[in-house]
Amino acid sequence: MGQMIEGRWDCSSCGKKMIQGRYKHCPGCGKGRGADVKFYVADPNDVVAADVPEKGPDWMCEYCQSYAPDSAKYCPNCGAPRSGKDYFEVQKEQAAAQAQPQQESAPVTRGPASKRAPILLIILAAVAAFFLINSLIPRNADAQITAKAWQREIAVQSLEWVDDSDWTLPQGAELKETAREIRDYERVLDHYETRSRQVPEQYISGYSTEYRDMGNGYFQSYQVPQYATRYRTEYYDEAVYRDEPIYDTRYYFKIQRWVYNRTLTASGEADTPYWPEETLAADTEREYGRSERYALKCANDKNTYTTELPFDQWQALNIGDKVRLKLSSGGSILEITKAD
Ligand SMILES: [Zn+2]
Ligand SMILES: [Zn+2]
């Protein structure tokens, strides 16, 4: 258990400091302890016998506003019967009265700075949109077709014997040899290793002395433990694994596969396009893709333009035709129509 310490208080009437807790009236001016009095510990060595003070807090007489000891049924100052709040209730009221004015402060006004950022963003977005739209607006130009060109291609595959290997022998393959090879790895437990780690733990490194206000001029001291962290080494076993190879039979073989062989090409200018023709070997060759491109060139007194078109559109335009062009901001043809 702690010790009983005599507290001190200050007189708000005459300004006398460090008045001993045992006095209910100021030795300087004779005024009783008021509601504004708050006890404090001035010297931890002001120890008194544990049975000296009252157990409970003083109470404040409603009639004369002076403190009376807990054991008194009548106010020793004016003789009125016990009434009113105790020291702690008075302290709580004092604290609440001090806190109130701060809550009525005016609401915080927002400066214009927070509204400026969005306006700047809107302006930047508008400028960006202006340039984007401007660059997308097409321009028109008149021109005359000066040249046409076309190209048609057919890719050809041929059936060839190729070397390959796999974990199974495919149908139609000619086996050359087999070998035992690593197909996969399995993780297996090899051994355990002892490792260490630092484990934190809390411990009481000491005590500090605190004082509990009893509300009657005295304080009860008590010990508060102080905690600190220290580390201890903990050992544990950790599993160590290794990769164990899994062997299997690998088949090396020859097999027939379709592979790229060559491209057949036909091309021309203003003539009618046709597909390249070549007789393919019936069992060992095949087509595997066709592609076609149609281009034309047109010009006016300032520029020359080239573009590629779908077949039908390309075919409908002839050298010498007058055309109306829709051009991108970069100068490439977006759309081409006969002008007549
Ligand atoms: Zn005084
Ligand atoms: Zn009284």
Side-chain angles (χ1 to χ4, degrees), residues 1-111 202-230:
M1 270 307 284
Q3 292 172 312
M4 204 60 76
I5 316 288
E6 186 171 13
R8 305 287 181 124
W9 58 281
D10 299 337
C11 176
S12 61
S13 198
C14 70
K16 189 172 169 64
K17 309 273 184 215
M18 300 272 281
I19 303 163
Q20 284 173 303
R22 73 189 72 160
Y23 298 118
K24 300 232 184 298
H25 291 83
C26 170
C29 69
K31 200 156 184 298
R33 288 194 319 235
D36 58 325
V37 164
K38 194 167 162 51
F39 297 115
Y40 55 87
V41 173
D43 185 353
N45 297 317
D46 288 345
V47 178
V48 294
D51 57 346
V52 166
E54 297 273 342
K55 289 240 159 33
D58 293 350
W59 55 275
M60 178 161 273
C61 173
E62 273 188 345
Y63 300 95
C64 68
Q65 310 299 322
S66 60
Y67 277 115
D70 186 40
S71 61
K73 286 193 170 59
Y74 298 92
C75 171
N77 194 43
C78 71
R82 177 165 186 164
S83 64
K85 303 171 175 70
D86 70 17
Y87 170 83
F88 296 111
E89 290 165 335
V90 172
Q91 290 294 314
K92 212 180 274 178
E93 250 174 29
Q94 294 276 313
Q98 276 184 353
Q100 215 147 31
Q102 287 174 352
Q103 288 176 341
E104 285 170 14
S105 61
V108 180
T109 49
R110 294 235 167 86
Q202 299 275 83
Y203 72 101
I204 293 171
S205 61
Y207 293 87
S208 70
T209 305
E210 303 281 333
Y211 302 94
R212 184 181 300 115
D213 192 346
M214 298 186 72
N216 54 19
Y218 294 87
F219 287 81
Q220 173 106 52
S221 75
Y222 60 101
Q223 302 291 301
V224 177
Q226 303 294 299
Y227 292 94
T229 303
R230 69 183 163 208

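Every heavy atom of this structure was used, including side-chain atoms; hydrogens, water molecules and symmetry mates were not. We number each residue from 1, following the sequence as shown. Note that ligands are numbered from 1 as they come in the structure, with each ligand's atoms numbered from 1 the same way.
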For this session: Please report the shortest heavy-atom distance between Asp43 and Ile5, naming the atom on each side.
Result: O-CG2, 3.8 Å
Seminar exercise, completed: Here the gap from Asp58 atom CG to Asp86 atom CG, rounded to the nearest 0.5 Å, amounts to 9.0 Å
Exercise. Has the side chain of Ser221 got a donor or acceptor atom that lies under 3.5 Å from a matching backbone atom of Gln3?
Worked result: yes
Exercise. Nearest 0.5 Å, what's the OH-CD distance between Tyr87 and Gln91?
Worked result: 4.0 Å
Problem set entry | Interatomic spacing from CZ in Phe219 to CE in Met214 - rounded to 0.5 Å | 10.5 Å
For this session: Mark yes or no for whether Glu6, through its side chain, and Gln20, through its backbone, hold a donor-acceptor pair below 3.5 Å.
Result: no
Exercise. How about Thr229 and Gln202: does a side-chain donor come under 3.5 Å of a side-chain acceptor?
Worked result: yes
Problem set entry | Carboxylate-amine/guanidinium contact Asp70 Arg82, below 4.0 Å | yes
Exercise. Is the OH atom of Tyr207 crowded by more than 12 outside heavy atoms at less than 6.0 Å?
Worked result: no
Problem set entry | Neighbouring protein N, O or S atoms of the Zn ion (ligand 1) [cut-off: under 2.8 Å, no waters] | Cys11 SG, Cys14 SG, Cys26 SG, Cys29 SG
For this session: Keeping waters out of it, list the protein N, O or S atoms under 2.8 Å from the Zn ion (ligand 2).
Result: Cys61 SG, Cys64 SG, Cys75 SG, Cys78 SG
